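Here the structure is a predicted model, which is why all the values come from computation and not from measurement.
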Amino acid sequence: MDVTIKDIAADAGVSVSTVSRVVNGSKSVSPELKGRVMASIEKFHFRPNAAARSLVTRNTGLVAVLEADVRNPITALHLKQISDVCMKHDKVMIVCDYDFDQDKALLLMDNMLERNIDGLIFQGVHLNEKILERLRRFQCPVVLGNQGPSEDMRCEFPAVTVDSYHAAKDMTRFLISEGHKHIAYVGGSSEDYTNGTLRLRGFLDGMREADLQVQDSDIYQGEFSTEFGEKGMNQIYENSLELPTAVVTGSDIIAAGVIRCLKAHKLKVPDDISVAGFDDSISDIYDPPLTTVRMLDQGEVFYKALFEEKGEACVNEWCYFPYQIVRRSSTRRITN
């Protein structure tokens, strides 16, 4: 027979309301009574009914993540970190994939509005007013994951992401410090403000500050995919009188496509051309291992933005993951 809250109260010699306050984390219970209740809970291996508890506390312990593309390797890393942190705080992560389909995302949000969730992480790519209007209907905390609003967009939700501008700029500076002067860029869509526009801007500013020229033919933007990386590098290969000595990319999977293209043209990485990734999602399984931007503490930053003080990592509602440049075998130092 299942143990009930009344059984715990009888064994501990307290009222049902006292057991309820202990279970729900209330501070209005004395240490002595709390100890008796916890001893009875452990004795009977009592697990409170989550649905019943949520009716009282309005908390379900559920954190929902609306994800644009669960197939992307970096998505798996982010979800793993978010899930681990949620479990540390006695919460459960649920994931819904909307596959870059805005109508599907809106439908999933409508379904979630009919249920109680403690927090929502919207992993968007192309933010617009329709998406933001639907997010404003939620009573729980909402954060934008790996995407933030452009300068001309009104948005009250904190954006949790890597500092794409400075990370791309730092990678560009790293390659320049390694002796590279002719550097190309293959990145994500210009419609993706955070991961596309800001990373390209960081690359261009890094080159400009070093007084290095960038030809239009050395820049290619499109999808975050291996196929696009191969296509973009091939376009640079065909349109360049002189090939770059290094390529900065918008993601590791784009970098994989760039390297595939170079191999098809009998060019060696990094002997002929150095290639740098971004996000450290496949670097440990790819050959050559990619020099890349590694993001740190994603789960912790997400959780703090949802439920705690945002702290020093957040600037003007942008909450940034720490990051570092990781040197591996896909880049090399060159000498003039």
Side-chain angles (χ1 to χ4, degrees), residues 23-27 48 50-51 53-68 70 74-75 77-98 102 104-150 153-164 193-195 295-322:
V23 168
N24 293 318
S26 173
K27 297 181 180 179
R53 183 169 56 182
S54 70
L55 292 175
V56 178
T57 65
R58 307 300 296 173
N59 296 325
T60 61
L62 297 177
V63 175
V65 182
L66 268 177
E67 178 56 58
V70 296
I74 189 59
T75 299
L77 294 178
H78 285 155
L79 293 178
K80 176 68 166 61
Q81 291 207 15
I82 295 169
S83 178
D84 287 348
V85 173
C86 283
M87 290 189 69
K88 281 172 51 180
H89 294 274
D90 199 26
K91 294 186 184 296
V92 175
M93 179 189 75
I94 57 175
V95 181
C96 296
D97 178 25
Y98 64 90
Q102 176 178 282
K104 187 176 179 181
L106 293 171
L107 178 61
L108 287 168
M109 282 190 273
D110 286 340
N111 288 335
M112 287 183 182
L113 284 166
E114 298 175 1
R115 296 162 173 79
N116 285 334
I117 56 175
D118 289 357
L120 173 64
I121 300 172
F122 181 78
Q123 301 268 43
V125 176
H126 306 308
L127 290 176
N128 56 44
E129 189 54 37
K130 206 173 220 182
I131 292 291
L132 293 174
E133 186 278 328
R134 199 62 53 90
L135 290 173
R136 292 183 183 113
R137 299 184 189 181
F138 285 88
Q139 299 298 311
C140 65
V142 174
V143 301
L144 306 176
N146 298 304
Q147 181 61 262
S150 57
M153 182 179 290
R154 184 184 71 84
C155 178
E156 63 271 36
F157 303 112
V160 180
T161 180
V162 70
D163 187 345
S164 283
Y193 177 70
T194 303
N195 307 301
M295 292 172 272
L296 308 169
D297 303 329
Q298 295 101 305
E300 294 287 350
V301 178
F302 270 117
Y303 193 88
K304 287 180 180 179
L306 273 174
F307 301 116
E308 301 176 9
E309 292 295 326
K310 298 180 178 63
E312 296 180 358
C314 295
V315 180
N316 296 328
E317 292 305 309
W318 286 72
C319 304
Y320 293 125
F321 311 134

Is Ile121 close to Glu67 at the side-chain level, that is, under 4.5 Å between some pair of heavy atoms? no
Going through the distances and angles, do Glu129 and Arg136 end up as a salt bridge (Lys or Arg N to Asp or Glu O under 4.0 Å)?
CA-CA 10 Å; Glu129 189 54 37; Arg136 292 183 183 113; 2.7 Å; yes
Ring centroid separation Phe302 to Phe307 under 6.0 Å:
no
query = Between the main-chain N or O of Asn111 and the side-chain N or O of Arg115, is there a donor-acceptor pair closer than 3.5 Å?
reply = yes
* To do: Answer yes or no: is there a side-chain heavy-atom contact under 4.5 Å between Arg134 and Asp110?
  => yes
Subject >> Cationic N near anionic O, under 4.0 Å, Lys104 to Asp97 >> reply: no
- Message: Side chains of Tyr320 and Val162, heavy atoms from C-beta outward: is any pair under 4.5 Å?
- Response: no
Spell out, as yes or no, whether a donor-acceptor pair under 3.5 Å connects the side chain of Gln123 to the backbone of Ala68.
-> no
*asked:* Any non-hydrogen side-chain atom of Val65 less than 4.5 Å from a side-chain atom of Ile94?
replied: no
Does NZ or CZ of Lys91 lie under 6.0 Å from the centre of the six-membered ring of Tyr303, at an angle within 45° of the ring axis?
-> no
Given side chain to side chain contact (heavy atoms under 4.5 Å, CB included), test Val160 with Trp318 step by step and report yes or no.
CA-CA 6 Å; Val160 180; Trp318 286 72; over 6 Å; no
Are Gln102 and Asn128 linked by a side-chain donor-acceptor pair shorter than 3.5 Å? yes
* Asked: Is there side-chain contact between Phe321 and Glu300, with at least one heavy-atom pair below 4.5 Å?
  -> no
Check your understanding: Taking atom CD of Gln139 as the centre, does the number of heavy atoms from other residues, nucleotides or ligands within less than 6.0 Å exceed 12?
Key -> no
Q.
Could you check whether any side-chain heavy atom of Asp118 comes within less than 4.5 Å of a side-chain heavy atom of Leu62, counting everything from C-beta outward?
A. no
task: Answer yes or no: are there more than 12 heavy-atom neighbours, outside Met87 itself, under 6.0 Å from its atom CE?
output: no
>> Looking at Gln147 and Thr194, would you say the former's side chain and the latter's main chain have a donor-acceptor pair under 3.5 Å?
In response: yes
